[in-house]
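Comments concern the structure below.
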Number of protein chains: 2
Amino acid sequence: MPATTPARRTDTRPGGRSARVRAAVHQAVKELLTEEASELTIPVVATRAGVHPTTVYRRWGSVGELLADVATSRFSGDIVVPDTGSLRADLERYAADLARDLSDPDTLALVRAIVGAGGDGASVCRGERQRQLEAILEREQGRGHQAPTLERAVDALLAPLYYRAVFTDRSPTPEWARTLVTHLLPG
Amino acid sequence: MPATTPARRTDTRPGGRSARVRAAVHQAVKELLTEEASELTIPVVATRAGVHPTTVYRRWGSVGELLADVATSRFSGDIVVPDTGSLRADLERYAADLARDLSDPDTLALVRAIVGAGGDGASVCRGERQRQLEAILEREQGRGHQAPTLERAVDALLAPLYYRAVFTDRSPTPEWARTLVTHLLPG
DNA sequence: TTACTAACGCAATGATCACTGCGAGACCTG
DNA sequence: CAGGTCTCGCAGTGATCATTGCGTTAGTAA
């Protein structure tokens, strides 16, 4: 175990070739997901990444696990939880950021692929978001104010955002995301 | 063109072998979708259906088109729009029915596969539902009462139902679906 | 620098897939 | 019942995929 973990958890030789291969494969997956014409298969991903297919088979095993790995590194720490002091402002900014994130075609394609790949990957997309939302709500409660329950906030904010992004062809806009907050909070 | 369309739109020889093959293939797809271990590929589907793979290749071409076809026949006319005379009761019953529908593992697996398969198929799952919801709202307006906009109802009802079904491991229950209606309608 | 371990590239194998003429059988029409 | 048309099954082909053993290279530690 190294004394100071270098802020990465790639495990087993974080620096050097392994990390480069990992980054190249992740990048290849993201690229291929946008080009929906091509099939997302291990040899195709490996060729695009300039890596031998054997490497991908050994490190990830299947397309599903590879997608889950890409998703975890994609949905971790990319959106900072806002802290403006006001619950409404926090939620509005967070919803707007999330709308921008889900408007990105790459992200959207990744989410769709994760959903289609299997069961466990889907919770990866929502887990981090739900925790962030929970943090906002708990902070408001810590201020001594009332706040909606997490379930209610998920239904009113996360659900419409993801639904619109995944099931419709209209991208969620930041402005529309703010109206969701208006409907959630009374007044 | 036949004089009286027999309430089916299978096109080109609705009765007989073609219809049987179509039904068998559809059933095979539904079965294989529940067994998520197996890959959903044309030869596998054909073998399960007791049909030669060539037939499936010629009729549907790809897995994506096959899934879209299964989805259209699955999401058409399976839920009757309630008409109780009260908007709240209509929405509560409709949401509860939809929750029951989305709790079915077969339906859920189909939705997830459709989302992952490509772009156009996803709207098939929601298009019929949104039209049904619109019908309920317009009927209430026809009674001279105020009703939420379609967009608002979609965000408050359809989105949480689909989000919970697809992205979480908790099935939506009819009771919880009714609470969504409570949150949508004032009072 | 040197030795050790882990990750990668290479080549080969069997299996599965996607696709295409061809002939036989089933279905509708007169 | 007879003719025409459409669909299906069959067999074969090339391509791609998933997997394995082995040698080489890169990264780590003494």
Side-chain angles (χ1 to χ4, degrees), chain A residues 1-29 32 35-69 73 113 116-118, chain B residues 1-29 32-33 35-69 113 116-118:
Chain A
M1 177 199 312
T4 60
T5 46
R8 288 289 177 271
R9 39 132 177 236
T10 319
D11 293 341
T12 65
R13 302 203 175 178
R17 193 162 64 161
S18 294
R20 279 199 305 274
V21 167
R22 182 181 150 102
V25 170
H26 279 209
Q27 177 63 24
V29 169
L32 289 171
E35 315 159 8
E36 38 186 304
S38 58
E39 289 284 324
L40 189 71
T41 177
I42 302 258
V44 176
V45 171
T47 304
R48 174 67 65 101
V51 168
H52 205 272
T54 314
T55 303
V56 182
Y57 279 117
R58 276 201 257 260
R59 277 184 63 130
W60 287 278
S62 72
V63 181
E65 301 177 49
L66 176 55
L67 277 174
D69 188 36
S73 72
Chain B
M1 177 195 325
T4 60
T5 47
R8 289 287 179 273
R9 37 128 180 245
T10 319
D11 292 342
T12 63
R13 301 200 176 179
R17 194 163 63 161
S18 294
R20 279 199 304 274
V21 168
R22 182 181 149 100
V25 170
H26 279 208
Q27 178 63 25
V29 169
L32 289 172
L33 278 177
E35 315 160 8
E36 39 186 305
S38 57
E39 289 284 325
L40 190 71
T41 177
I42 303 256
V44 175
V45 171
T47 304
R48 174 67 65 101
V51 169
H52 206 272
T54 314
T55 303
V56 182
Y57 279 117
R58 276 200 258 262
R59 278 182 66 127
W60 287 279
S62 71
V63 180
E65 300 178 48
L66 175 56
L67 276 175
D69 188 36

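Note on naming: letters A, B, ... go to the chains in the order of the sequence lines (proteins, then strands), and numbering restarts at 1 for each one. Just so you know, these numbers come straight off a predicted model, no measurement behind them.
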Protein proximity profile, nucleotides 15-21 of chain C - base contact B, sugar-phosphate-only contact S, no contact -, cut-off 4.0 Å on heavy atoms: --SBBBB
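- Counting heavy-atom neighbours within 6.0 Å of A:E35 CD, excluding the residue itself, gives a total above 12.
- Atom-to-atom, CH2 of B:W60 to P of D:dT7 comes out at 12 Å; the value is rounded to the nearest Å.
- At least one side-chain heavy atom of B:L33 sits under 4.5 Å from a side-chain heavy atom of B:L67.
- For the pair A:D69/A:H26, a side-chain contact is recorded, criterion being any heavy-atom separation below 4.5 Å from C-beta on.
- Atom OG1 of residue A:T54 and atom CZ of residue A:R59 lie 13.5 Å apart, to the nearest 0.5 angstrom.
- In this structure, the CZ atom of A:R59 is 11 Å from the C1' atom of C:dA6, given to the nearest Å.
- The CG atom of B:L66 lies 10.0 Å from the CZ atom of B:R22; values are rounded to the nearest 0.5 Å.
- Between B:A28 and B:V45, the closest heavy-atom pair is CB-O, 3.7 Å.
- Across the protein-nucleic acid pair, A:L40 atom CG and D:dT16 atom C1' stand 15 Å apart, rounded to whole Å.
- Using a 4.0 Å cut-off, no side-chain N or O of A:R20 falls inside it from OP1 or OP2 of C:dC8.
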